[in-house]
Structure formats: structure tokens, C-alpha cells
Undergrad: 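One structure is given below, represented as C-alpha cells, and several questions about it will come after.
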Amino acid sequence: MTTEIVPVNEDYFKNKVFELGKIIREGGLVSFPTETVYGLGANALDAEAAIKTYAAKGRPSDNPLIVHVADKEEVSRYVKKVTPLEEKLMKAFWPGPLTIVFPKKDIIPKETSGGLDTIAIRCPANEATRALIRAAGVPISGPSANISTRPSPTTAKDVYHDMNGRIEAIIDDGPCRIGVESTVIGIENGEIVIYRPGGITLEMLSAFAPARVDSALATGSAHPKAPGMKYRHYAPSAPLTVYTGDRIEVAKEILSFARKKDKTYGFFVSSEIAEKLEPGLPVFVWGSRDSQESFAHNLFSGLLYFNQHPVDQIIGEGTDTKGLGLAIMNRLTKASGYHIVVEKKERN
Ligand code: TXA
Ligand code: MG
């Protein structure tokens with residue numbers, strides 16, 4: 001199979017989107033852009049299409065797919081019940097990076113829901129993708145369009161690298177604005193529970209109801225509510241250790257690796273630390289410390305950078321867990337295989 005790259009332009013909205021919609025409706029796979037990461041799109045009502053999706057990603061089939069809709073009015077076709085709180089959250093955050101878990105109707109096959117009786121639904125903010133969902137005439141399931149265990153793709157080129165020859169087409173709408181995946185939530189006894197932190201923060205959700213993070217996420221338990229959280233994820237090509245906590249201590253620690261000659265170290269750091277590194281070292285700058293937005297935006301391309309520029313060990317600089325930082329540190333925790341070092345302020 002050759003994988004076609006389709007740019008988003010006038011011809012896309014006039015013609016191409018209908019061709020791609022038909023491919024999806026008839027059981028094919030098309031990668032689509034969103035504000036978070038690129039998705040691997042398939043007909044969410046078609047069990048065979050879900051099986052193909054798992055095969056293309058090399059993903060375990062007990063890890064459910066997120067279903068994408070073009071408008072919140074479509075949700076009641078696929079779920080048994082929408083509560084007033086869920087209604088409010090959809091109104092506030094859709095289209096956007098919030099995924100809500102609902103009890104599913106039988107029209108959604110078990111293959112799409114990974115065997116669960118619930119289904120995770122979101123309405124992405126990208127216009128080319130919402131047009132694709134409308135043209136397909138079916139909801140579109142979409143895991144991130146990477147090979148399982150690898151970092152999520154935030155450009156069409158990243159998708160092409162993993163999916164060339166495995167899918168029919170990739171819709172190229174440039175780099176994803178946010179860069180980390182959507183926040184996955186469920187409502188439990190009137191409380192908002194975050195199963196996967198993402199683009200919509202705990203702080204933003206707390207304005208609507210009491211909100212907390214699934215305790216399995218904090219403790220690394222084997223039974224998180226989002227099955228995907230238990231698998232190895234986002235792994236770069238070299239081992240990664242992330243330093244976070246007191247800024248001065250973090251800088252000291254990271255700079256000490258720049259002087260070591262025992263192996264090749266790559267640095268995945270803020271511009272503030274990068275400035276202090278001697279020129280010529282392998283460095284990827286995720287942005288200024290003051291911008292978690294730029295950190296999120298560059299997070300996955302930074303991890304993938306070291307696939308193209310191989311090193312023996314990646315030394316990363318983390319951030320605090322407020323706002324988007326919760327999602328960033330969640331991804332870095334997984335990418336590093338839990339190699340997170342928290343630096344404390346030195347006392348003297
Ligand atoms: O931003 C995103 O959400 C992207 C774009 C493409 O929309 N999609 C994405 O899908 O990240 P994926 O399949 O890579 O991650 C889906 C996550 C997994 O952790 C999965 O376990 C969880 O959502 N999930 C899906 N259905 C669920 C359900 N019924 N209950 C709990 N967690 C669920
Ligand atoms: Mg994923």
C-alpha cells in the first residue's frame with residue numbers, strides 16, 4: 001500500500017475530504033490532524049476497522065480507542081446517557097482537548113472500546129478533521145498515529161515515519177498546536193476524575209465540579225481507569241532521565257553531565273539551561289521555563305529528535321505539575337520509564 005500525503009487547502013474542503021471520508025466509511029485507515037496530536041482514523045462503528053487499527057499500531061487490543069465526533073449533538077447516538085455536568089463540560093471545552101468516558105450503546109462494537117462497556121468520546125478542534133468526520137458520515141476512532149510504545153506524532157512527517165505503507169492517507173495540516181494528547185475524564189459520583197492528564201487542566205475542570213486525578217496515576221498502580229496508562233509509552237531511542245524540582249540544583253546536576261566524557265549525553269532542556277551548555281553538544285531546547293505551552297508543543301518532537309541524532313543517554317529538564325505541567329510530567333514519567341529525579345533545595 002502506498003500512503004498518500006494530502007495537504008489541507010481549498011481543494012481538500014471541496015473534493016478530497018469526500019474521497020477520504022469514503023475510505024474511512026468503507027473500512028480504510030486515514031491519519032488526521034488535531035490540536036493535540038495526529039490520530040489514526042478508522043470507522044468507529046466497524047469492528048474490522050478497529051482490528052486493523054490495532055494491527056497498524058502494533059497495539060494491544062484491550063487498550064480502547066477514542067471516538068471523534070464533529071459536534072456534541074452526535075454523542076447521544078453512541079452513548080446511553082449524558083448527565084447535565086457532562087453537557088456543561090462539552091459546552092465549555094468542545095471542540096477541544098477534552099475526552100469524556102460514557103456508558104456505550106451497542107452500536108459501538110467491543111473492538112473499538114477494547115472490550116469495555118464504556119466509550120471515550122471527544123470533538124477535536126481541527127476544521128479539516130471535523131469536515132472529514134462529517135464527510136465519512138460515521139464517528140472516527142483515533143488513537144495517536146504512532147507505532148505503540150513510541151512518542152506520539154505532532155507532524156505529518158512523524159506520522160509518515162511510523163505509518164508509511166500501513167495506511168491509505170495522511171492529512172497534513174502542519175504541526176499540532178497543543179502537542180500533548182487530550183485529557184481523558186470520567187464522572188464518578190458527581191466528581192470529575194482525570195484518567196489521563198492532557199490539554200484541559202485540572203484547574204480548568206475544577207471550576208465545574210470537584211475534580212481529582214485517578215489515584216492509580218499517582219501511585220503507578222497496575223489498574224488505572226484508562227487502560228492505556230499501564231503500557232510502556234513515548235519511549236525515545238536512548239534511556240532518558242528527567243531532573244525536576246529546585247531550579248538551581250536542577251541546573252547544577254544537568255550541567256555536570258556536560259562535563260562527563262564517559263558517554264554521549266543529549267540534552268532536552270529549557271533555553272535557560274541550554275545557554276549555559278558549551279556549543280556543539282547534542283541539545284534540543286523545549287522553550288523557555290516560563291512557557292509550559294511551548295514545552296507541551298515541543299515535547300514529542302524533542303523526544304523524536306534524538307532518534308535522528310543518536311546519543312547514549314538523554315538528560316531532560318522537567319517542570320512543575322501545575323496546569324499543563326501535569327500532562328507534561330505524566331508523559332515524561334512514562335517516556336523515562338519512571339526515571340524522574342526530584343532535586344531539593346540545598347541547605348547550608
Ligand atoms: O488527543 C488525543 O486524545 C489523541 C487524538 C488523536 O485525539 N488520541 C489519543 O488516543 O491519544 P490514544 O488511543 O493514543 O489514547 C487513548 C487513551 C488511552 O490511555 C486509553 O486507555 C484511554 O484513552 N481510554 C480510551 N477509552 C477509554 C475508556 N472507555 N475508559 C477509560 N479510558 C479510556
Ligand atoms: Mg497514544
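Remember, it's 1-based here, ligands and their atoms both numbered in the order they're listed.
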Undergrad: Angle class for the Tyr305/His309 ring planes (parallel below 30°, perpendicular above 60°, tilted otherwise)?
TA: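 Parallel: the ring planes of Tyr305 and His309 meet at under 30°.
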
Undergrad: Measuring from non-hydrogen atoms of Gly142 to any atom of ligand 1, is the shortest distance under 4.0 Å?
TA: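 The answer is yes, since Gly142 has a heavy atom less than 4.0 Å from ligand 1.
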
Undergrad: Quick check on the Mg ion (ligand 2): does Ser152 put an N/O/S atom closer than 2.8 Å to it?
TA: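 Short answer: no, not a single N, O or S atom is under the cut-off.
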
Undergrad: Is the count of non-hydrogen atoms from other residues, nucleotides or ligands lying under 6.0 Å from Lys22 atom NZ greater than 12?
TA: no

Undergrad: Which is it for Asp162 and Arg150 under the salt bridge (charged side-chain N to carboxylate O under 4.0 Å, His left out) test, yes or no, and what are the steps along the way?
TA: CA-CA 9 Å; Asp162 278 17; Arg150 285 174 44 87; 2.8 Å; yes

Undergrad: Would you say ligand 1 has an N or O under 3.5 Å from any N or O of Thr36?
TA: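 Yes, there is a polar N/O contact under 3.5 Å.
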
Undergrad: Would Tyr38 count as being in polar contact with ligand 1, using the rule that some N or O on each side must be under 3.5 angstrom apart?
TA: no

Undergrad: Counting only heavy atoms not in Glu10 (residues, nucleotides, ligands), do more than 12 fall under 6.0 Å from its CD?
TA: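 No, CD of Glu10 has 12 or fewer neighbouring heavy atoms, counting only those of other groups under 6.0 Å.
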
Undergrad: Is Tyr160 atom OH crowded by more than 12 heavy atoms from other residues, nucleotides or ligands, each under 6.0 Å away?
TA: no

Undergrad: Which atoms of ligand 1 sit under 4.0 Å from any heavy atom of Ser182?
TA: 1 (O), 2 (C), 3 (O)

Undergrad: Quick check: are there more than 12 heavy atoms from other residues, nucleotides or ligands sitting under 6.0 Å from CG of Asn15?
TA: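 Atom CG in Asn15 is crowded, with more than 12 foreign heavy atoms closer than 6.0 Å.
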
Undergrad: Looking only at N/O atoms, are Arg122 and ligand 1 under 3.5 Å apart anywhere?
TA: yes

Undergrad: What part of Arg59, side chain, backbone, both or neither, has a heavy atom within less than 4.0 angstrom of ligand 1?
TA: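 The side chain, only.
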
Undergrad: Counting from 1, what ligand 1 atoms have a heavy atom of Val101 closer than 4.0 Å?
TA: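 Reading through ligand 1 atom by atom, the close ones are 28 (C), 29 (N), 30 (N), 31 (C).
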
Undergrad: With a heavy-atom distance limit of 4.0 Å, tell me whether Ile66 approaches ligand 1 through its side chain, its backbone, both, or neither.
TA: side chain

Undergrad: Under the criterion side-chain contact (heavy atoms from CB on, under 4.5 Å), which of Pro151, Pro153, Ser152, Pro236 is the partner of Leu304?
TA: Pro151

Undergrad: Parallel, tilted or perpendicular for Phe268 and Phe306, by the 30°/60° rule?
TA: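 Ring orientation of Phe268 relative to Phe306: perpendicular.
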
Undergrad: Could you list the atoms of ligand 1 found under 4.0 angstrom from a heavy atom of Val184?
TA: 23 (O)

Undergrad: Looking at Met329, Arg331, Glu181, which one forms a side-chain contact (heavy atoms from CB on, under 4.5 Å) with Pro197?
TA: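 So the option named by the test is Arg331.
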
Undergrad: For ligand 1, which is the ligand I care about here, please tell me if Tyr195 has any N or O atom under 3.5 Å from one of the ligand's N or O atoms.
TA: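 In this structure, Tyr195 places no N or O atom under 3.5 Å from an N or O of ligand 1.
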
Undergrad: Does Thr99 reach ligand 1 with a nitrogen or oxygen that is under 3.5 Å from one of the ligand's nitrogen or oxygen atoms?
TA: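 No, there is no polar N/O contact under 3.5 Å.
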
Undergrad: Could you list which atoms of ligand 1 come closer than 4.0 Å to a heavy atom of Gly39?
TA: 6 (C)

Undergrad: Below the 3.5 angstrom mark, is there an N/O of Asn63, backbone or side chain, next to an N/O of ligand 1?
TA: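 Yes - when backbone and side-chain N and O of Asn63 are compared with those of ligand 1, one distance drops under 3.5 Å.
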
Undergrad: Mark yes or no for whether Ser294, through its side chain, and Ser291, through its backbone, hold a donor-acceptor pair below 3.5 Å.
TA: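 Checked: pair present.
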
Undergrad: Under a 4.0 angstrom heavy-atom cut-off, which atoms of ligand 1 come close to Leu116?
TA: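 By the 4.0 Å cutoff, the relevant atoms are 28 (C), 29 (N), 30 (N).
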
